[in-house]
Number of protein chains: 2
Amino acid sequence: MATIKDVAQRAGVSPSTASRALHGSKIISQPTREKVVKAARALNYAPDFNAQNLATKASNTIGVVLPVDHHEIFSNPFFLEMIRGINEVCSQNGSMTTLATGISSDELVHNIDVMIAQGHIRNFILLYSEKNDPVVERLNQFDVHYVVIGKPYHDVNRISYVDNDNVQAGTDAAQYLLDHGHRRICFLCSDLSKMVQGDRMLGYQRVMMQHQLPNIILSERFESHETGVQALHKFFKNYPDVTAFVAVDDMMALKLQQVLHNDAEWKVKQFSLIGFNNSIFSELAHPTLTSIAVFPQRLGEEAAKIAIADRPKDELSTAVIVPHQIIKRHSVHQVKKLL
Amino acid sequence: MATIKDVAQRAGVSPSTASRALHGSKIISQPTREKVVKAARALNYAPDFNAQNLATKASNTIGVVLPVDHHEIFSNPFFLEMIRGINEVCSQNGSMTTLATGISSDELVHNIDVMIAQGHIRNFILLYSEKNDPVVERLNQFDVHYVVIGKPYHDVNRISYVDNDNVQAGTDAAQYLLDHGHRRICFLCSDLSKMVQGDRMLGYQRVMMQHQLPNIILSERFESHETGVQALHKFFKNYPDVTAFVAVDDMMALKLQQVLHNDAEWKVKQFSLIGFNNSIFSELAHPTLTSIAVFPQRLGEEAAKIAIADRPKDELSTAVIVPHQIIKRHSVHQVKKLL
DNA sequence: ACACTTTTTGCAAGCGATTGCATAAATTTG
DNA sequence: CAAATTTATGCAATCGCTTGCAAAAAGTGT
């Protein structure tokens with residue numbers, strides 16, 4: 001493996017000159033620069049990551065933080081697609097990525113601690129955003145940058161983030177159902193401490209209010225089939241005339257569909273259903289699921305771009321909104337007008 | 001951030017002594033060791049990754065290689081679960097992980113090149129195994145260790161790997177269908193160059209031969225609904241009496257189910273179906289999918305353990321087989337005996 | 001108590017890069 | 001043409017840690 005000394009020697013200059021030449025320093029003359037570059041190329045020189053980082057106290061590595069393992073999260077391909085996007089732009093920019101995961105928030109925070117302490121990692125991307133997240137509290141204690149995917153809970157103007165316009169997306173979903181004649185529409189979620197769920201709900205509520213229709217919220221995790229069935233029985237007792245659901249993501253939509261399908265009475269009612277994320281689930285469902293696509297890979301890419309750009313001292317935060325798009329499939333039915 | 005000098009000073013010894021004490025070197029006396037450890041703890045000392053790696057020419061980082069992005073791969077939660085397992089044991093052992101992805105095998109190989117050249121990464125885990133993989137060819141050219149998840153294509157005895165007994169799993173799946181009275185069973189796959197698919201097929205073929213039943217293989221990617229329908233029409237023309245399918249994984253099973261469900265004639269036939277991986281898909285399908293669980297997280301954990309253990313010079317390879325388990329749900333029906 | 005082991009420690013030289021500062025070369029100027 | 005600048009290079013220290021080797025301390029035997 002060639003070192004910078006080898007390059008310098010071959011180019012007939014000193015290591016310091018070689019280093020400067022390769023970094024495009026302005027004080028190196030054109031001819032020497034060319035010599036050095038040629039030598040480097042000939043030797044297939046690649047700077048040693050560790051040495052470089054040690055000398056510069058940088059790290060060229062961004063830490064990608066997954067949410068605390070609630071098990072269901074790791075069966076959600078959404079995250080992998082974001083990671084893919086992140087990795088794509090990172091490898092194009094000579095950065096590396098490393099993952100932080102944890103089975104509890106303590107463990108996760110600890111893992112992040114060591115990344116910061118030993119690894120000199122100074123840039124993070126959080127793949128999620130939720131209220132009172134111990135991880136961001138910790139990150140705030142250090143002199144590190146981070147960008148979150150999703151809307152930050154606090155300090156929206158001081159934290160860089162990339163997100164969809166989830167409020168609008170929620171509105172669009174509900175509006176789509178309204179357009180199909182539905183009037184009693186339920187918003188189904190699992191955990192409102194996740195910002196994304198809260199925002200989508202807000203959007204839903206917005207249209208519903210506008211049309212002076214009731215907000216009907218169902219928060220249910222479908223831990224098991226039985227609990228799901230139970231919850232729905234109770235739900236329909238209270239809201240017998242609901243005809244459609246906005247589910248906070250495709251997985252929730254499918255879980256709902258699952259229990260609806262398994263009950264003869266419910267099944268025949270043909271509830272309408274709309275999900276979010278346009279994940280593979282939506283294509284595989286039966287009927288195929290109408291869903292709002294949010295382009296996770298794109299989210300990842302944008303987040304990585306922000307994370308990589310050395311932010312100047314003045315600490316301006318960046319916000320990127322990536323557009324969403326409704327993908328129409330077969331889970332939404334037109335309500336026949338009775339009048 | 002405390003350095004080893006600080007620790008040494010506080011403990012009243014030299015840095016070298018401190019270093020050795022912290023590494024449990026045998027030549028340090030008990031009292032000094034304790035002094036050093038106490039000082040380190042008091043200062044909250046954590047060794048600098050870069051400096052350590054530079055000095056030892058190690059890297060404490062393992063590269064996790066994802067398969068080339070065929071898009072569908074990134075919608076498969078399977079990988080994320082393996083990563084989760086890997087990360088878990090790595091962070092417990094003070095190792096980091098970094099991901100290698102690529103949109104083409106050239107790009108992927110390139111990314112691995114830079115990891116090796118600049119990053120001094122000497123340990124990799126491949127999350128897949130396929131025939132004639134350019135990635136392993138490249139890895140073989142360097143002095144690096146790697147463990148593959150899945151059965152290696154070449155040199156099975158020289159390469160460390162962790163895998164399920166996929167042949168047996170294939171057998172179990174087919175046998176389960178046989179036990180339910182099926183006699184014309186199709187094996188559905190998408191890409192036989194993946195070792196995992198080949199193995200499962202082998203297992204299927206083994207039982208079928210044993211019972212002197214025909215091997216019926218359908219290789220179809222279901223790129224679109226239309227191509228799927230077309231392929232199945234052709235298929236049923238040739239094999240009209242097939243009553244059950246062993247799908248090479250849950251996703252394939254669901255894609256099949258999807259097109260079967262959408263055709264009135266096929267739908268009524270109630271084909272039996274069994275998948276692999278026991279992914280979230282199988283619970284969300286309707287009917288719920290009987291599937292063979294393979295515990296991807298466990299696969300990841302085992303792989304990481306192997307990758308972390310410094311292998312001695314003699315280069316003994318390790319193979320770990322993690323057991324599988326059939327998870328019975330509702331996609332397999334008993335065939336009524338006509339005799 | 002002395003010479004001889006054996007056990008503990010510390011010195012100093014790396015690892016491969018970057019960078020402030022001094023020096024050498026090139027250029028300009030009076 | 002010598003002096004004063006300006007521009008280009010190289011020296012050497014540094015980042016934080018490890019490790020071979022020599023030196024110091026402690027222990028042994030006679």
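Note: hydrogens, waters and symmetry copies are ignored here, and every other heavy atom, side chains too, is used.
- In this structure, of dC15(D), dG10(C), dT18(C), it is dC15(D) that holds the atom nearest to the side chain of L54(A).
- Between the P atom of dG16(D) and the CG atom of L43(B) lies a distance of 14 Å, rounded to the nearest Å.
- For the pair N53(A) CG and dT18(C) P, the interatomic distance rounds to 10 Å; values are reported in whole Å.
- In the set dT18(D), dA17(C), dT19(C), dA17(C) carries the atom at the smallest distance from any side-chain atom of A55(A).
- When each of A18(B) and I4(A) is assigned the nucleotide of DNA chain C with its nearest heavy atom, A18(B) is the one assigned upstream, toward the 5' end.
- Between H120(B) atom NE2 and dG16(C) atom C1' there is a gap of 8 Å when expressed in whole angstrom units.
- Between Q52(A) atom CD and dC15(D) atom P the separation is 18 Å, expressed in whole Å.
- Looking at heavy atoms from C-beta onward, R122(B) lies in side-chain contact with I116(B) at the 4.5 angstrom threshold.
- Side-chain atoms of R10(B) and L43(B), non-hydrogen and from C-beta on, do get closer than 4.5 Å to each other.
- For the pair A51(B) and S14(B), nearest-nucleotide mapping onto DNA chain C gives the more 5' position to S14(B).
- Rounded to whole angstrom, the span from the NZ atom of K5(A) across to the P atom of dA12(D) amounts to 13 Å.
- An OP1 or OP2 oxygen of dT19(C) is reached within less than 4.0 angstrom by no side-chain nitrogen or oxygen of S19(A).
- You'll find that the side chain of I28(A) is closest to dT9(D), out of dT9(D), dT8(C), dG20(D).
- Here the NE2 atom belonging to H120(A) is positioned 11.0 Å from the CG atom belonging to N50(A), to the nearest 0.5 angstrom.
- Counting only N and O atoms by type, the side chains of S95(A) and N93(A) include no donor and acceptor under 3.5 Å apart.
- Around CD of Q9(B), the count of heavy atoms belonging to other residues, nucleotides or ligands within 6.0 Å does not exceed 12.
- Listed nucleotides: dT18(C), dG16(C), dG16(D). Nearest to the side chain of K57(B): dG16(C).
- The side chain of R20(A) sits closest to dG20(C) out of dT9(D), dG20(C), dC15(C).
- Heavy atoms of T3(B) sit under 4.0 angstrom from primed sugar atoms or phosphate atoms, though from no base atom.
- Contact annotation for F49(A): no contact, since no heavy-atom pair falls under 4.0 Å across all strands.
- Summarising the geometry, the separation between CD on E34(A) and P on dA8(D) is reported as 14 Å, rounded to the nearest angstrom.
- If you take OH of Y45(B) and P of dG16(D), they are 10 Å apart, rounded to a whole angstrom.
- Base contact: S16(B) has a heavy atom under 4.0 Å from a base atom.
- Remark: C1' of dA17(C) and CG of D48(B) are 14 Å apart, rounded to the nearest angstrom.
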